[in-house]
Trainee: 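My questions all concern the structure below.
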Amino acid sequence: MKTDVCRVLPGQAEALEKAAKILQEGGLVAFPTETVYGLGANGLSGDACKKIYEAKGRPSDNPLILHIADLAQLPQIVCQVPPKAKQLMEAFWPGPMTLILPKTALVPDTVTGGLTTVGVRFPSHPVAQALIRAANLPIAAPSANLSGRPSPTEAAHVLHDLNGKIPLILDGGPCEVGLESTIIDATGPEAVILRPGAITKEMIEALLGRAEVDPAVMGQMAPGMTPRAPGMKYTHYAPKANVTVVRGSREKVIDTINARTACDRACGKKVAVLATEENRQNYQADNVFSLGRQEDLCQVGASLFLLLRRCDEVGADQVYAEGFLEQGEGLAIMNRLRKAAGGEILEVD
Ligand code: TXA
Ligand code: MG
């Protein structure tokens, strides 16, 4: 199958119409959202959604989330909206937040992996909204990467992972947030964050008074426990290189990374460092990439997946990444870094 890449420009309906037609006929289309690119299919068709799992190589017990572009689409897919969920919707939709809600019988088991709940998101990206409206369907869409790879934040990343496997990629330029949506289970007495994102714990607490974080987010799973978002159990975001996150005081982090880099290079390994802008000049590695300024966590979040992919492009064997405090968007950044590093964080204080 040939994969077309269509740049979507304001006021040009042609690419959107083509994409909507593919979705209505049961095919797949990759499209931009404000978080990451999604791989969309008709969310009411089990057969269409099956193709998503095949294209991504995704385990079939990892459920998909449904995207809407109008609250009027909710009753079709969700049978109840608890009060806390309603407050969250009013505050943060459209935007980078997914809510876990009780599903209706119309939502196929292929979407939810047999769960009685479904994840729903109302994205703010104009292309995502226009596509959902044009297709006139809830669109099931996981991130448009091959399973296990960093989520795509540009159309080129989607093409790299899925070339030949899907008919169309809508190119809407780079994604503004760059990290996947915050997933919140608001079906119980307390809102529980299953995956952190740009809608932060602090923002949810300011709204609801309290917010819990699923232990899987911080890598704190007791033996035998399963994360409440099935996808959190899989290795993810991993470049081909080994990734080590180093966190602590500025001097210790720089010294540790430089000492280890020297060792690795003496063994013939190619080393890349993901550094904050303030520290980038201090590293002696084959490649040093700037994540952005320390206090600009939005920029760090937006560049993280892109730079993990860049590490592969330059053929790094070992990647060292500076760690962040788990506050604000730092919780989401560390969650993705922890997964990229297979859980290994070197604390050097
Ligand atoms: O920002 C995003 O959320 C992007 C864009 C495309 O919208 N989508 C995305 O989808 O990241 P995906 O499939 O890569 O991640 C969705 C996560 C998975 O970890 C999945 O296990 C979890 O949501 N999930 C889906 N349905 C769920 C449910 N009913 N209960 C708990 N977790 C669920
Ligand atoms: Mg994903």
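Counting starts at 1 for both ligands and their atoms, in listed order.
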Trainee: Can you find a side-chain donor-acceptor pair between Tyr320 and Asp264 that sits under 3.5 Å?
Mentor: yes

Trainee: Please determine whether any non-hydrogen atom of Arg58 lies less than 4.0 Å from an atom of ligand 1.
Mentor: yes

Trainee: Please identify which atoms of ligand 1 are closer than 4.0 Å to at least one heavy atom of Glu180.
Mentor: 1 (O), 2 (C), 11 (O)

Trainee: Does the distance from a Lys or Arg side-chain N to an Asp or Glu carboxylate O, for Asp171 and Arg7, drop under 4.0 Å?
Mentor: yes

Trainee: Check Lys50 with Asp47, please: is the shortest side-chain N to carboxylate O separation under 4.0 Å?
Mentor: yes

Trainee: Verify, without hydrogens or angle tests, whether His160 (side chain) and Ala156 (backbone) share a donor-acceptor contact under 3.5 angstrom.
Mentor: no

Trainee: Any idea which atoms of ligand 1 are less than 4.0 Å away from a heavy-atom of Pro63?
Mentor: 20 (C), 21 (O), 24 (N), 25 (C), 26 (N), 27 (C), 33 (C)

Trainee: Can you tell which of Gly114, Ala140, Ser143 gets a heavy atom nearest to atom 9 (C) of ligand 1?
Mentor: Ser143

Trainee: Which ligand 1 atoms, with their elements, are less than 4.0 angstrom from a heavy-atom of Pro230?
Mentor: 21 (O), 31 (C), 32 (N), 33 (C)

Trainee: Please state whether Thr112 comes within less than 4.0 angstrom of ligand 1, counting heavy atoms only.
Mentor: no

Trainee: Considering only heavy atoms, which of Leu99, Thr116, Asn62 lies nearest to atom 20 (C) of ligand 1?
Mentor: Asn62

Trainee: Do Glu329 and Thr200 have side-chain atoms, one donor and one acceptor, less than 3.5 Å apart?
Mentor: no

Trainee: Does His67, backbone or side chain, put an N or O under 3.5 Å from an N or O of ligand 1?
Mentor: yes

Trainee: Apply side-chain contact (heavy atoms from CB on, under 4.5 Å) to Gln284 and list each qualifying residue two or more places apart in sequence or on a separate chain.
Mentor: Asn258

Trainee: Can you list the ligand 1 atoms lying under 4.0 Å from a non-hydrogen atom of Ser181?
Mentor: 1 (O), 2 (C), 3 (O)

Trainee: Side chain or backbone of Ala141 under 4.0 Å from ligand 1, or both, or neither, by non-hydrogen atoms?
Mentor: backbone

Trainee: If you count the non-hydrogen atoms of other residues, nucleotides and ligands that lie under 6.0 Å from CD in Glu277, is the total more than 12?
Mentor: yes

Trainee: Using heavy atoms and a threshold below 4.0 Å, how should the contact between Ile65 and ligand 1 be classified: side chain, backbone, both, or neither?
Mentor: side chain

Trainee: Take Ser143 and Glu180, measure what side-chain hydrogen bond (donor to acceptor under 3.5 Å, both in side chains) needs, and give me the verdict at the end.
Mentor: CA-CA 8 Å; Ser143 47; Glu180 307 89 342; 4.9 Å; no

Trainee: Phe31 vs His67 aromatic rings, parallel, tilted or perpendicular, using cut-offs 30° and 60°?
Mentor: perpendicular

Trainee: Any idea which atoms of ligand 1 are less than 4.0 Å away from a heavy-atom of Ile100?
Mentor: 27 (C), 28 (C), 30 (N), 31 (C), 32 (N), 33 (C)

Trainee: Polar contacts were defined as any N/O atom of the residue lying under 3.5 Å from an N/O atom of the ligand; does this apply to Thr33 and ligand 1?
Mentor: no

Trainee: Check this for me: does any side-chain nitrogen of one of Lys56 and Asp161 sit under 4.0 Å from a carboxylate oxygen of the other?
Mentor: no

Trainee: Do the charged groups of Lys2 and Asp4 touch, with an N to O distance under 4.0 Å?
Mentor: yes

Trainee: Considering the heavy atoms of Leu115, write down every atom of ligand 1 situated less than 4.0 Å from one of them.
Mentor: 28 (C), 29 (N), 30 (N)

Trainee: Give the numbers and elements of all ligand 1 atoms closer than 4.0 Å to a heavy atom of Gly38.
Mentor: 6 (C)

Trainee: May I ask you to check whether Ser147 brings an N, O or S atom to under 2.8 Å from the Mg ion (ligand 2)?
Mentor: no

Trainee: Between Arg195 and ligand 1, which part of the residue brings a heavy atom under 4.0 Å of the ligand: side chain, backbone, both or neither?
Mentor: side chain

Trainee: Can you sort out which atoms of ligand 1 are near Ile183, meaning under 4.0 Å from one of its heavy atoms?
Mentor: 17 (C), 22 (C), 23 (O)

